[in-house]
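Every chain is numbered from 1 and lettered A, B, ... according to where its sequence line falls, protein lines coming before strand lines. Predicted, not measured: the structure shown is a model, and the values here were computed from it.
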Amino acid sequence: MDDTGNKIPIKPLGWWVRSHGCNELHLEHIELEVCLMGWVQYRRDHGGLIFIDLRDRDGLTQVVFSPEVNALALEEAHALRSEYVIAVKGVVRERPKDMINPNLKTGHIEVAVKEFRLLNRSETPPFLIEDRVEVAENLRLKYRNLDLRRPSMVRNIRMRSQAVSALRNFLNESGFIEVETPVLTRSTPEGARDFLVPSRQNQGFFYALPQSPQLFKQLLMCAGVDKYYQVVKCFRDEDLRADRQPEFTQVDLEMSFVEEGGVMSVSENMIAALFREVSGIELETPFMRLNYDQAIADYGLDRPDVRFELKLKDVTEIVRGSGFNLFANAQLVKALRVPGGSELSRKEIDDYTDFVGIYGAKGLAWIKIKDNEWQSPIAKFLSGEERAGLSSVLGLEPGDIVFFQAASPDVVNNALGYLRIKLGERFQLIPENTFAPLWIMDFPLLEWDEEEKRWTARHHPFTAPKDGHLDLLEHEPGLALARAYDLVINGYEIGGGSIRNHTREGQEKMFAVLGIDNEQAGNEFGFLLQALDYGAPPHGGIAFGLDRLIMLMVGAASIRDVIAFPKTQKAACLMTDAPATVTSKQLRELGIRLREQGKTLDN
RNA sequence: GGGGCCGUAGUUAAGCUGGUUAUAACGCCGGCCUGUCACGCCGGAGGGCGCGAGUUCGAGUCUCGUCGGCCCCGCCA
């Protein structure tokens, strides 16, 4: 720092006590002696008069240094710079009529500074502390303490706090008990990759950080806690996305003596209370429900964004005998009609073709419906009958475009499902500031893992099958449905849960179909099975992704904007430089030797 | 594991087909200024283009590698 010039000393707070926040003073406070503390946002130095916008987490207040009030203070205030921390004492006064700043909540007043103290200086910050400047995210993450000073980030963090408070209030009032569960637990098969923690006292043994408190909350039900919840960190060592972090927060709950409806209605009321209290938005309950098959049929995805109406249509049968071989032979052919879509340029269509390629689509067939003809590379292959069929099933009108996907069901549904969202954005079909919650029900219990050649749990291994579907596990596992439910809002999976297996018999059958034999089940889930033996009540629950929920509520594009200290896509913290190497002594204590030498802190 | 985009003063960007001292705005520093409010005016400093090789008479500009950030596929019960 430059020590020359008009440097003024840093002073202690002394007996000064802050009287108001920087977004608090109005006309009713005129004549009042106040004491404000905060950061220098803007300095407007007129030589004989200095204006400073003082900022704290609440807002801005203009403070004025003038010779009439305190000439010495004015003299010293020339040295103030951006982000200096100061305390001012002064009198609130009304601004002259034509000097009112309508952009500030405190714009009708200003504080005439009688006395001020410099509490700390600041280097010039690496970026301006403002909402309107766009700064590279790696810089924001490196200087997160500065990034968090920006009003929009303050707002996000504060809203998150209010949301958690609203959720806790609701659950507390609804008879739930918050119970903390271990962060150091054991690794279990199935599910995501675990973060492992080596044990010093038991060398060669490892804890795992919980992917969720699933087993503990079920044990709490076995304990008779009846209604449990927790706002809890969960850890999954998988690759990141805009809406995924390696550590994230769940609002986790579990209830005894309930079926699907019991959990869902508590959940709806909780989410509705949350939106009402934090955002002032009234969500209509009960939420819409859609079964999984229908979601896939209409939207291609199991987390449909139902804020807009475009739907997929199965046209497999219509083009079954088509002269267009791709259509005639495909396992599934679906169409997506976009009203008014024929305005799309060739380039846009090419871009969409590339886009669906991401999901394994080999191409993207399309037809533009013109007044007197169908403009399309594939129109010539379609018979009059096929045209008539498509026309009536899809309700085609001039000006439309129809996209087709003919392939395996997975590819067709994914490609058109994601294309639907792209087109919804392109044609501005998605209303803003709208929240469309819905439940997805009747999921398949199991999923075939082609790589491992075995069935895996679609939800998790503790989910109960639908009544009567237990017997399907032996012969037709793929047909068994789960007593599971997902809450989807605006295309994001916000929560998911299920009714659990609460008998040993049911749980063992589930393990069996997953290829977990009795020995392994005993070793790894023995405590659960044993708990089920001792009068486990019927129970079920759900977990909500708090970060995603807040992201939706504040309108952020990334989960990182609602997490105070998030990690990058490579799971690094740019502020602390975690993860980092450790000393060889630390490793020795843990009984660990690195496969690649020379990567410890001390060599 | 894979695909795409990006990396140039403190920041945000421009830099066409490789060609003299690498631009601009904001910020920063100095000066002036008593009603500004993203104050204004005058003057100034500041980077060799993420890093490393290579091609070339010559490289922000081309090639390869590498590091980092973002988006996505796989993965995420």
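- You won't find any donor-acceptor pair under 3.5 Å spanning the side chain of A/Glu130 and the base of B/G27, going by distance alone.
- Side-chain atoms of A/Asn501 come within 3.5 Å of backbone N or O of A/Thr463 as a donor-acceptor pair.
- One N or O donor and one acceptor, one from the side chain of A/Arg244 and one from the base of B/C75, sit under 3.5 Å apart.
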>> One pair to check against salt bridge (Lys or Arg N to Asp or Glu O under 4.0 Å): A/Arg236 and A/Glu247. What are the steps and the verdict?
In response: CA-CA 7 Å; A/Arg236 293 177 191 175; A/Glu247 55 177 311; over 6 Å; no
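- Side chain A/Asp98 to base B/G35: no donor-acceptor pair is found below 3.5 Å.
- No donor-acceptor pair under 3.5 Å is formed between the side chain of A/Arg93 and the backbone N or O of A/Ile30.
- With a cut-off of 3.5 Å on both Watson-Crick or G-U wobble distances, the partner of B/C64 is given as B/G52.
- Residue A/Thr568 has a polar side-chain atom (N or O) positioned under 4.0 Å from OP1 or OP2 of B/G69.
- A/His539 and A/His502 have perpendicular rings, their planes meeting at more than 60° on a 0 to 90° scale where under 30° would count as parallel.
- The base of B/C37 sits within donor-acceptor range of the side chain of A/Arg95, with an N or O pair under 3.5 Å.
- Applying the 4.0 Å criterion to OP1 and OP2 of B/C75, one finds that A/Arg241 has every side-chain N and O outside that range.
- Stacking of A/Phe51 onto the six-membered ring of B/U36 is present: less than 5.5 angstrom between centres, less than 30° between planes.
- For B/G48, the base is syn relative to its sugar; the glycosidic angle is within 90° of 0.
- There is no side-chain donor-acceptor pair under 3.5 Å between A/Asn413 and A/Tyr359.
- With hydrogens and angles left out, the side chain of A/Gln62 and the base of B/U36 share a donor-acceptor pair within 3.5 Å.
- Distances shown here put a side-chain N or O of A/Arg560 below 4.0 Å from the OP1 or OP2 atom of B/C71.
- Base pairing analysis places B/C5 opposite B/G69; the two distances defining the Watson-Crick or G-U wobble pair are each below 3.5 Å.
- Under the Watson-Crick or G-U wobble criterion, with both distances below 3.5 Å, B/G10 is paired with B/C26.
- Between A/Ser66 and the phosphate of B/G35, there is no side-chain N or O to OP1/OP2 separation shorter than 4.0 Å.
- Side chain of A/Ala136, nearest nucleotide from B/C76, B/G10, B/U12: B/U12.
- When both pairing distances are held under 3.5 Å, B/G35 makes no Watson-Crick or G-U pair with any nucleotide shown.
- Closest to the side chain of A/Ile358, from the set B/G69, B/C73, B/G30, is B/C73.
- Using a 30° and 60° split on the angle between ring planes, A/His460 and A/Phe462 fall in the tilted class, from 30° to 60°.
- In this structure, A/Arg43 does not reach the B/A38 phosphate: none of its side-chain N or O atoms is under 4.0 Å from OP1 or OP2.
- Stacking here means ring centres nearer than 5.5 Å and ring planes tilted less than 30 degrees, and by that measure A/His46 stacks onto B/C39.
- Using N1 to N3 plus N6-O4 or O6-N4 for Watson-Crick, or N1-O2 and O6-N3 for G-U wobble, each under 3.5 Å, B/G74 pairs with nothing.
- Regarding contacts with the backbone of B/U36, every side-chain N or O of A/Arg44 stays at 4.0 angstrom or more from both OP1 and OP2.
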